[in-house]
Amino acid sequence: MKREKTELKVKAAVLLCAAGIVLTGCGKKAETPDKAETAAEKSTETEQDGQKPEDASADTTNDTALVEENVSDGADVKGTGEAETDNEKSDQTLQEAQIRHYYGGILSQITAGWRLPDGELDTSSLENGFGKMSDNHFAVTDIDGDGREELIICYANASMAGMVEIIYDYDPVRGILKRELTEWPSLTYYNNGIIKAEASHNHSWGEFWPFALYQYQADTDTYLQIAYVVSWDKEIAPEWDDGQPFPDERDQDGDGTLFCIRKEGEGDFYGYEYEDFKYDQADVDEWLGGYLAGAPEDAKELTIDYQPLESKSYADFVPAYLRLLAEDANSTRTDTDADLGLLILRDDEEHYLNTAKRLLTEQYGLSMDQPEENFEEYTVGLLDGEERFSFTMLDSGDLCYMGEKVEDVTIFGIYPGISVDGAWERLKAYGFYVSPYGEIENCLITGEGFGNIEIWFDAEDGKVKTITVRPFCAFAG
């Protein structure tokens with residue numbers, strides 16, 4: 001007679017984000033509840049496109065191109081034990097920042113939109129006021145040792161059936177986001193690619209807590225379950241379901257406990273029979289030691305630096321990447337001192353609109369006026385009585401540049417009068433790509449998460465007329 005363990009599955013549903021343009025300015029691991037009161041939570045691994053824009057040619061972060069273009073830089077230098085070239089280090093730094101930029105989008109979607117990029121979250125606890133999103137945690141680390149950082153989401157502030165821990169991996173070369181593992185959030189990570197995952201419920205007849213063992217598979221870049229361990233205590237259940245007595249003859253150490261180790265290839269991990277309980281504690285220790293011990297040294301448990309799932313925990317992921325792109329784009333420019341767009345990337349406490357107003361007033365002779373008496377958040381910048389700029393101090397703030405070019409003043413290298421093709425080319429260098437949320441033709445963003453930037457412009461006869469820029473996040477309102 002087979003004794004089955006029931007596992008609750010998380011339904012992974014692909015989310016279609018069809019929001020309009022949004023105006024916004026853009027550890028410790030959670031305590032696991034009493035396992036006896038929880039429900040197992042597993043979801044099948046999913047693989048999806050990494051939220052790339054449909055028009056790949058217009059994706060001006062150009063994730064794939066950025067990586068492939070630089071792969072060959074200094075390639076003939078490595079491989080002989082020599083130090084990395086400056087180009088290789090720069091490329092590695094850019095790719096690491098690019099991956100974190102992407103993870104910033106996922107984290108923004110979770111914290112502000114309460115949803116995963118590839119599935120649903122149980123938000124019942126949040127909706128009913130039982131805790132906050134920041135009670136959940138995340139970590140960004142190379143957990144599988146493949147040289148690329150993964151994103152770990154530990155979502156424990158939910159109903160018992162909604163608790164989950166997910167390992168995401170983003171490949172910037174192929175633009176693909178993948179789930180490497182989905183499990184109940186009670187995991188122990190080891191530095192040799194092994195993960196021990198404790199069950200949410202103990203449906204066995206033993207006090208020993210059941211666990212699954214996973215092993216990282218480099219060829220598929222996922223974790224494969226290789227075993228499940230469960231126990232049977234004679235004191236708890238003297239007989240099997242069909243009346244067969246506890247098999248004392250198999251209990252070599254005489255402690256009244258036997259174990260079942262269901263291994264890969266032996267059928268259902270969670271379906272076990274009377275005959276499967278044939279191992280003593282020493283057998284389990286020896287078997288487990290084969291994965292956690294051995295040459296050249298014993299496997300080490302990894303300490304994960306979990307951070308609260310809130311925007312300030314990942315606030316620099318996006319700006320750090322955009323600043324790296326700006327450094328490269330600025331290397332061919334001599335007019336960046338008067339670039340109002342770059343003010344958004346500055347790491348200071350002053351609002352970029354205030355800095356822009358001061359720059360235009362002190363260095364370019366513009367005067368500031370508030371034309372609407374009951375709308376003090378709206379200011380215009382006048383030059384010789386003509387409106388050249390407007391500033392709206394709502395949400396994260398809008399900056400508009402119109403009319404004619406004012407000396408060397410630009411916004412990410414563009415200005416009224418530049419050709420549309422020239423504007424696109426310059427904006428691409430700063431990480432802009434076509435916005436899936438834009439309602440006009442020339443609308444671009446640098447990404448969807450907190451800390452990104454949106455810019456749009458209208459044109460006539462192939463020339464840019466009016467430019468508007470502001471910080472952007474697609475998931476906050």
Side-chain angles (χ1 to χ4, degrees), residues 1-10 29-42 154 156 159-165 181-190 194-215 223-294 298-299 301:
M1 178 177 179
K2 182 175 288 188
R3 183 174 180 82
E4 300 288 347
K5 175 177 178 179
T6 303
E7 298 289 341
L8 298 178
K9 304 289 184 178
V10 176
K29 186 172 180 178
E31 296 292 333
T32 303
D34 185 351
K35 297 170 189 172
E37 299 178 356
T38 60
E41 172 100 349
K42 293 185 179 180
C154 180
S159 66
M160 298 307 177
M163 297 179 183
V164 65
E165 187 150 345
L181 178 73
T182 306
E183 252 293 357
W184 170 257
S186 183
L187 308 181
T188 304
Y189 296 91
Y190 295 90
I194 294 294
I195 296 178
K196 181 181 177 183
E198 294 186 347
S200 60
H201 277 71
N202 185 353
H203 290 295
S204 72
W205 285 335
E207 291 186 1
F208 173 87
W209 205 267
F211 68 87
L213 208 65
Y214 291 86
Q215 188 171 45
Y223 285 87
L224 175 69
Q225 185 172 353
I226 56 175
Y228 188 77
V229 181
V230 67
S231 70
W232 178 9
D233 292 343
K234 180 177 181 179
E235 183 176 345
I236 294 176
E239 297 181 344
W240 191 251
D241 283 346
D242 61 0
Q244 295 184 81
F246 182 86
D248 292 303
E249 68 279 6
R250 303 180 206 160
D251 184 16
Q252 297 299 308
D253 58 14
D255 64 356
T257 299
L258 286 171
F259 294 86
C260 165
I261 306 176
R262 296 287 287 184
K263 303 175 185 177
E264 181 191 6
E266 295 181 350
D268 181 8
F269 284 114
Y270 308 103
Y272 32 83
E273 300 178 353
Y274 178 82
E275 293 77 13
D276 293 324
F277 288 86
K278 55 188 176 183
Y279 301 103
D280 283 315
Q281 182 68 63
D283 298 320
V284 174
D285 293 342
E286 180 180 2
W287 167 80
L288 189 59
Y291 293 99
L292 303 184
D298 291 350
E301 182 178 339

Would you say that [X] contacts [Y] through its side chain, given a criterion of any heavy-atom pair below 4.5 Å between the two side chains?
X	Y	value
Trp240	Pro247	no
Phe259	Asp283	no
Asp248	Lys234	yes
Asp276	Arg262	yes
Leu288	Val229	no
Ile226	Tyr291	yes

For [Y], is there any backbone N or O sitting under 3.5 Å from a side-chain donor or acceptor partner on [X]?
X	Y	answer
Asp251	Gly256	yes
Asp280	Gln252	yes
Trp184	Met163	no
Asp233	Glu207	yes

For the student: nearest non-hydrogen atoms of [X] and [Y], plus distance:
X	Y	answer
Phe269	Glu264	CE2-N, 3.6 Å
Pro210	Tyr228	CB-OH, 3.2 Å
Cys154	Glu165	SG-OE1, 3.6 Å
Tyr274	Pro245	OH-O, 2.6 Å

* For atom CD of Glu235, decide whether the heavy atoms of other residues, nucleotides or ligands shown that lie under 6.0 angstrom number more than 12. => no

* Residues, nucleotides or ligands: over 12 heavy atoms within 6.0 Å of Glu286 CD -> no

Spacing of [X] atom [atom1] and [Y] atom [atom2] [to the nearest 0.5 Å]:
X	Y	atom1	atom2	answer
Leu213	Leu292	CG	CG	6.5 Å
Cys260	Phe277	SG	CZ	5.0 Å
Glu198	Trp209	CD	CH2	8.0 Å
Glu301	Thr188	CD	OG1	5.0 Å
Glu273	Asp242	CD	CG	10.5 Å

* Donor-acceptor side-chain pairing of Glu183 and Tyr223 below 3.5 angstrom -> no

* To do: Using the ring-ring contact (aromatic ring centres under 6.0 Å, His included) rule, pick out the option among Tyr279, Tyr272, Phe246 that qualifies with Trp232.
  => Phe246

